[in-house]
Amino acid sequence: MELTEEQFQRYARHLILDEVGEEGQARLLSSRVLVIGAGGLGSPLLLYLAAAGVGTIGIVDSDRVDLTNLQRQIVHATERVGAPKVASARATLAAVNPDVRVETHPIRLEAGNAEALIGAYDLVADGSDNFATRYLLNDVCFRLEKPLVAAALSPFEGQLATFRPYLGDGHPCYRCLFREPPPPDMVPRCETAGILGAVAGVLGTLQAVEVLKELLGIGDSLDGALLIYDALRARFHRIRITKDRECPTCAHPAPGRKQPALDRQPASP
Ligand SMILES: [Zn+2]
């Protein structure tokens with residue numbers, strides 16, 4: 001892929017980095033990323049992926065923009081209250097970077113549509129706000145061998161991890177960390193629990209960084225680790241996640257699995 005003169009200018013601060021350069025930028029431009037949720041996490045995530053020149057961005061969200069969203073969902077605007085979130089996000093991303101193709105999916109992700117949708121992308125970024133989606137994504141991304149960069153929020157805290165369990169030993173999945181979803185009444189959501197909006201911004205931005213690293217194959221992946229941000233104490237913690245040998249999702253890969261699609265592990269000599 002040859003960059004145009006305009007792209008050389010737009011991505012100049014990427015191109016001068018050894019870790020990105022023309023090859024990396026071309027890789028970003030040819031990448032397809034699926035973002036689940038155009039909300040508090042999805043907003044900064046979508047903005048940075050578009051600004052970075054991720055060539056095709058899919059957005060899954062069935063909601064419409066509500067006035068109460070705007071306290072944290074910075075991809076939307078007051079004049080677009082009532083509009084579908086996917087359309088509102090697409091308008092913002094087009095204004096940031098017309099280079100980027102945005103594919104909108106105004107649907108709820110469900111078992112019946114997840115495989116077809118996820119199969120069309122290279123990587124999935126989960127900014128959803130519910131456990132049903134989180135577990136569904138974990139299982140489908142494992143089966144389809146797609147890297148999953150997942151973030152979650154509570155009022156003053158956020159968590160971030162990358163999952164590539166199809167790579168085998170040493171690569172846990174979300175179910176290795178939390179085997180079963182908590183009971184529904186134990187789970188406060190933003191609508192009822194509240195959240196300091198900027199906390200979502202921190203996590204969604206960190207998520208964008210990890211997505212770009214996975215696409216470029218640079219740095220240390222968050223695969224096998226959980227990064228926790230404690231906003232009130234201004235602290236980050238990082239804990240190791242180990243693969244659960246009894247994990248119902250990833251402990252026993254099907255025999256005759258094909259090679260992983262986006263394997264960033266060093267090649268064996
Ligand atoms: Zn697992």
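Numbers for residues simply follow the sequence, beginning at 1. Numbering of ligands and ligand atoms starts at 1, following listing order. A quick note: this is a predicted structure, and the numbers were derived from the prediction, not measured.
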- [ ] Please list all pairs passing the side-chain hydrogen bond (donor to acceptor under 3.5 Å, both in side chains) test where one or both residues lie in residues 38-63, with sequence neighbours left out.
- [x] none
Task: Pairing residues for Phe8 by the ring pair (Phe, Tyr, Trp, His ring centres under 6.0 Å) criterion, not counting sequence neighbours - done: none
Open item on the list: Over 60° means perpendicular and under 30° means parallel, so tell me whether His14 and Tyr11 are parallel, tilted or perpendicular.
Closed with: parallel
TODO: Compute whether any side-chain donor of one residue and acceptor of the other, for Asp126 and Tyr174, lie under 3.5 angstrom apart.
DONE: no
Open item on the list: Salt bridge check, Asp169 against Arg245: does any charged N sit closer than 4.0 Å to a carboxylate O?
Closed with: yes
- [ ] Take the Zn ion (ligand 1) as the centre and count protein N, O or S atoms at distances under 2.8 Å.
- [x] 4
Open item on the list: Which residues pass the side-chain hydrogen bond (donor to acceptor under 3.5 Å, both in side chains) test with Thr133, not counting sequence neighbours?
Closed with: Asn130
